[in-house]
Amino acid sequence: MVMSLNITIRLRLANRPGTLARVLNVIAREGGSLGAIDLVTATPSYITRDLMIRLRERGHLEELVQALQNMPDVQVIHVADRVFTRHLGGKIEIIPKRRIENWEDLSLVYTPGVAVISETLAQEPEMAYKLTMKGNTVAIVTDGSAVLGLGNLGPTGALPVMEGKAVLFKQFANVDAVPICLDVHEPQQIIDAVLALAPAFGGINLEDIAAPKCFEIEERLNQLLDIPVFHDDQHGTAIVTVAGLINALKVVGKTMDGIKLVMSGAGAAGVAIAKILLRAGVHNLIVCDRKGAISQNNLPKDPSKAWLAEHTNPAGLQGSLKEVIAGADVFVGVSAPGLLNREDILKMSEKPVVFALANPDPEVQPEEIYDIAGVIATGRSDYANQINNALAFPGVFRGALNCHARTINDEMCLAAAHALAGIITDKQLTAENIIPSVFNKEVAPSVARAVEEMAQRTGVARKVAAVGFESELS
């Protein structure tokens, strides 16, 4: 079993002065970072405590436990992995909205009463939004071919991630979401599976499907379905990136149309970010893959990269990422760790904006460049300015479901980005505060309103009258 870096160790300590202090010294010496200390039991002779510890490396656990066991007056009772503990039994469940307490309830909720509802929906399918789960439910669909930064873990390996996503949908936007982990991997197989299950859902969230097949799958499903299909790895990342960039440019006194922006990464996220950046007003955008700058001078065979070649890099720059980044005002990385260093950032313009979003390790370490960068953002929660998809997808689907949208278009995504950026007021805006926290209660409602309003303006909403964030589905 793979262990995480977050553990709880339960210790039985002799109730003598200095015992706990010696334990803490051992933990620090063995490379552990201490979190909470909880008292479990206490007697005149012994104290039992739970210590929450984060390790720097997985290999340190055995050494730490052995060091504690070797201490006099200390007994290791058990070691638990905090991450595994949080996942025991899964993270979601189904709870009925209508309880069945007696025979009358049963006859109304199920047979024979349910028959008239089925007949109604057969004649008026749109009523499913009001009379079934469809109006507030999203399918989270994956084949597990690109799980987080771990690669192809398959559908079972993807399930805990999809469960976690369902928790975020519910907590942040009161959207019910169901993980659908498919044991098929060809684009047409995934398309066929989604088409078959779509009638029960008000939207489809594609997740952790590898590029380039994710582009084909999303495009075809958008053509074939009349409910929103949203690939969060693409558009969720793009929305939050643009929102952060809107505010970062305010901090450094620059504008979208006046910057040189260099991006590393031409996968699902990179392509989507590039498209929304162009729509947001960036003119001088250069996208790099492993081979260097993508350009019409060397047209890639991959269709998504060919699109980038035709629509970006107006000057036709060629060369590696380290070469073309010279003079850039902004760097956006959605690629791999350690691609850049301090010397590379020094080649950029004054007060450069650096979005190093590779996870868990960014393209350049913030500690290397904190004194030369105007603004730094990463994908990590332990640095300021986390670019987190959870800021986007709950509110985007809340808004789309509110108005029974047929699709989520580019205009809705850009509206979501501006709404997200607008949550940070001018008084709050600093180099270390360009994007709100995922726990900011304004986030999902603000994004939802912007998405719903734009859906109405662009004619993709079935339900004309706007509804509130927490309103009844009517």
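Side-chain atoms are counted along with the backbone in the values below, which use heavy atoms only and exclude waters and symmetry mates.
- Under the 3.5 Å distance criterion, the side-chain polar atoms of D257 are left unmatched by any main-chain donor or acceptor of H283.
- Using a 4.0 Å cut-off between charged side-chain N and carboxylate O, K275 and D410 make no salt bridge.
- Shown are T407, I191, V194; of these, the side-chain contact (heavy atoms from CB on, under 4.5 Å) with L225 is made only by V194.
- Between the side chains of R398 and N136, at least one donor-acceptor pair of N or O atoms lies under 3.5 Å.
- Just one of D329, I434, V330, V375 meets the side-chain contact (heavy atoms from CB on, under 4.5 Å) condition when paired with L249; it is V330.
- Taking the six-membered ring where tryptophan is involved, the planes of H235 and F230 are tilted, since the angle between them lies from 30° to 60°.
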*List the steps, then state whether side-chain contact (heavy atoms from CB on, under 4.5 Å) holds for M162 with I180.*
CA-CA 8 Å; M162 304 307 112; I180 306 291; over 6 Å; no
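- The side-chain contact (heavy atoms from CB on, under 4.5 Å) with V332 is formed by just one residue from the set V242, L285, L261; it is L261.
- Enclosure of atom NZ in K322 by more than 12 non-hydrogen atoms of other residues, nucleotides or ligands within 6.0 angstrom is indicated.
- Put simply, the side chain of N297 gets close to the backbone of G316: a donor and an acceptor are under 3.5 Å apart.
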Worksheet entry | CA sep, side-chain torsions, deciding dist, call: S145, D143, side-chain hydrogen bond (donor to acceptor under 3.5 Å, both in side chains) | CA-CA 6 Å; S145 57; D143 70 340; 2.7 Å; yes
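- Annotation for E432: atom CD does not count as buried by contact number, only 12 or fewer foreign heavy atoms lying within 6.0 Å.
- Between D371 and R342, at least one side-chain N (NZ, or NE/NH1/NH2) sits under 4.0 Å from a carboxylate O, which counts as a salt bridge.
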